[in-house]
There are 2 protein chains.
Amino acid sequence: MPKRENISMSVIRRLPRYYRFLTHLKEKGVTRISSTELSVKLGLTASQIRQDLNCFGGFGQQGYGYIVDQLCDEIGNILGLSNRYKTILIGAGNLGRAIATHMQFEEEGFELIGIFDSSPSKTGTRINGKIVMDTTELEDFCEKEKPVMAILCIPREGVHSILERLYSLGVRNFWNFSHYDISMRYEDTVVENVHLNDSLMTLCYRISNPNNK
Amino acid sequence: MPKRENISMSVIRRLPRYYRFLTHLKEKGVTRISSTELSVKLGLTASQIRQDLNCFGGFGQQGYGYIVDQLCDEIGNILGLSNRYKTILIGAGNLGRAIATHMQFEEEGFELIGIFDSSPSKTGTRINGKIVMDTTELEDFCEKEKPVMAILCIPREGVHSILERLYSLGVRNFWNFSHYDISMRYEDTVVENVHLNDSLMTLCYRISNPNNK
DNA sequence: ATCGTTATGTTAAATATATAACTATTATCT
DNA sequence: AGATAATAGTTATATATTTAACATAACGAT
């Protein structure tokens, strides 16, 4: 579908923002919007928005603008949100539990099909109606259900070994919340690291250095 | 302290990663490291690492490398991690609870001094020993304690009004987890948005478009 | 219908970022 | 102590990203 290949990550990372805002407009009943209006609302330049969208195709009409409904759908398609990638969650601590209950996976291309933890205090409990399984059950479960993605909400120490196991079970995509960088030991994996600590530290820097732009 | 001013965000966002890795090295007892070694471990170029560090000063020794312990401290200072910025958390749902228990604020420049929620089912309960207060108590609390930062873990709808209140109470820094972009309605604020949904959507894109680089 | 206005799609310029090349300094070995 | 190797700091180049400018197409009013 992409008009060109190799879209830069800078562009990709703005798409969800567009999608989010367009969904909001749709809900408000707005049917039409121009790149200039969008740029004002989003704090970007109109040029950038047009460039971004034109990486994937011409979704607008000259002299008119973009049809909100249509553009929203297009971006959703580009992002692949209609997928239902089978996903498992490893780690049912506070963070894992929050992710499981807080995220609306079905609206963002995923389906949470299993939750695992190694601690007996967690296994057997329920999160959003789903029973937390013991990590020893991982092999059986994966062979049967073939999940394609794993969310990692476990302490640093456990990551390496669980990663090896998951990889050998065919899992290639990881959403990593652990205090550890999974930086491509394998070629065919996709990793999205969410480092809340890093985010907090950069915030600390910016508070401490207010004259930095 | 910065050698030059206006350090780019690209550089700032790498600092926590360096800090994290150096801390790890320190714990392992490594005393010395070169930019080349670092580059291999972090998957960056040695050039970039040297450039990044030299934005703030010459911390290494030619022909020798960097002293892990010292470099780690320097980066910690640059980030301002020895601060104890007084912080409040708004929203004690699953995510807020996870943030409160999961983050080690004291090690990253902050101190969590209060947790607030508007729901009677949450107020009065305890998180990490701290009682969840009602948001109506916000004014009294802030006037007394003068927090400088607020973590927002509330639904989209509530953000706008709580933001106005917090701003008028002197809070200027925000760590925003809500499904809403706080993009600078005020000049003197610092906002770090953490959009887990956006992160998940970009992951979805990358899974759906494996040939994208 | 025609003309002016609007706003996209596209090409070009400017800026920012990352990489490579070079220089200078220090450690280490003989 | 001198020579050599190693490695940071710095300058220059290349690449990526953003912004601006332009040219073209569609809408809408007259």
Side-chain angles (χ1 to χ4, degrees), chain A residues 1-15 17-18 22 25 30-72 74-75 78 183-184 202 212-213, chain B residues 1-15 17-18 22 25 30-75 78 183 202 212-213:
Chain A
M1 163 174 295
K3 220 165 104 182
R4 312 173 207 162
E5 282 183 21
N6 279 4
I7 310 294
S8 82
M9 273 311 281
S10 314
V11 175
I12 307 302
R13 293 212 176 278
R14 280 190 293 270
L15 293 182
R17 183 114 182 274
Y18 297 150
L22 288 165
L25 285 179
V30 179
T31 55
R32 161 189 169 177
I33 192 149
S34 71
S35 60
T36 309
E37 283 179 87
L38 268 173
S39 73
V40 171
K41 304 289 184 126
L42 294 173
L44 304 169
T45 64
S47 227
Q48 184 165 60
I49 293 171
R50 292 204 300 275
Q51 285 259 22
D52 285 354
L53 298 178
N54 285 341
C55 290
F56 304 98
F59 304 132
Q61 268 188 312
Q62 287 166 330
Y64 180 85
Y66 299 89
I67 297 166
V68 172
D69 211 46
Q70 183 189 309
L71 184 58
C72 192
E74 290 284 4
I75 296 178
I78 293 162
S183 47
M184 300 291 93
T202 61
N212 194 88
K213 200 170 84 314
Chain B
M1 166 175 294
K3 222 165 104 180
R4 312 171 208 165
E5 283 183 20
N6 280 4
I7 310 295
S8 82
M9 274 310 282
S10 314
V11 176
I12 308 301
R13 294 213 175 277
R14 281 190 291 271
L15 294 182
R17 181 115 183 275
Y18 297 151
L22 288 165
L25 285 179
V30 179
T31 56
R32 160 190 171 177
I33 192 147
S34 71
S35 59
T36 309
E37 281 179 271
L38 268 174
S39 73
V40 172
K41 303 288 183 125
L42 294 172
L44 303 170
T45 65
S47 230
Q48 183 166 61
I49 293 171
R50 292 204 299 276
Q51 286 257 25
D52 284 355
L53 298 177
N54 285 343
C55 290
F56 304 97
F59 304 131
Q61 267 189 312
Q62 288 164 328
Y64 179 84
Y66 299 90
I67 297 166
V68 172
D69 211 46
Q70 182 189 309
L71 184 59
C72 192
D73 288 354
E74 291 282 3
I75 296 178
I78 292 163
S183 46
T202 61
N212 196 87
K213 198 170 92 314

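Both backbone and side-chain heavy atoms feed into the values below; hydrogens, waters and symmetry mates do not. The sequence lines fix the lettering, A, B, ..., with proteins before strands; numbering per chain opens at 1.
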TODO: Kindly indicate whether a cation-pi arrangement holds for B/Arg32 with B/Tyr64, taking the cut-offs as under 6.0 Å to the six-membered ring centre and within 45° of the axis.
DONE: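 Relative to the ring axis of B/Tyr64, which defines the angle, B/Arg32 lies inside both limits.
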**Request:** Test A/Arg14 against A/Leu44 for side chain to side chain contact (heavy atoms under 4.5 Å, CB included), laying out the working first.
**Result:** CA-CA 10 Å; A/Arg14 280 190 293 270; A/Leu44 304 169; 4.2 Å; yes
Heavy atoms under 4.0 Å, any strand shown: does A/Ser47 hit a base, just sugar-phosphate, or nothing?
base
Output a table of nitrogen or oxygen pairs between the protein and nucleotides 26-30 of chain D separated by less than 3.5 Å.
residue: D/dA26; atom: O4'; partner: A/Gln62; partner atom: O; Å: 3.4
residue: D/dC27; atom: OP1; partner: A/Gln61; partner atom: NE2; Å: 3.1

What integer distance in Å separates [X]:[atom1] from [N]:[atom2]?
| X | N | atom1 | atom2 | result |
| --- | --- | --- | --- | --- |
| A/Leu53 | C/dT10 | CG | P | 12 Å |
| A/Asp52 | D/dT18 | CG | P | 7 Å |
| B/Asn6 | C/dT15 | CG | P | 15 Å |
| A/Ile7 | D/dA16 | CD1 | P | 14 Å |
| A/Ile49 | D/dT19 | CD1 | P | 10 Å |
| A/Glu37 | C/dT8 | CD | C1' | 14 Å |
| A/Leu71 | C/dA7 | CG | P | 16 Å |
| A/Gln48 | D/dT17 | CD | C1' | 8 Å |

Side-chain N or O of [X] less than 4.0 angstrom from OP1 or OP2 on [N]?
| X | N | value |
| --- | --- | --- |
| B/Ser8 | C/dA16 | no |
| B/Thr45 | C/dA18 | no |
| B/Ser35 | D/dA8 | yes |
| A/Tyr66 | C/dG9 | yes |
| B/Arg14 | C/dA18 | yes |

Looking only at heavy atoms, the pair that brings B/Thr45 and B/Ser39 closest together is C-CB, 3.6 Å
Could you check A/Val68 against A/Thr31 for side chain to side chain contact (heavy atoms under 4.5 Å, CB included), going step by step and ending with a plain yes or no? CA-CA 5 Å; A/Val68 172; A/Thr31 55; 5.7 Å; no
Do [X] and [Y] touch side chain to side chain, with heavy atoms closer than 4.5 Å?
| X | Y | result |
| --- | --- | --- |
| A/Glu74 | A/Tyr18 | no |
| B/Leu53 | B/Tyr66 | yes |
| A/Leu22 | A/Ile75 | yes |

Note to self: Is there, by distance only and without an angle test, a donor paired with an acceptor across the side chain of B/Gln51 and the base of C/dT17 below 3.5 Å?
What the structure shows: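 No, the side chain and the base share no sub-3.5 Å donor-acceptor pair.
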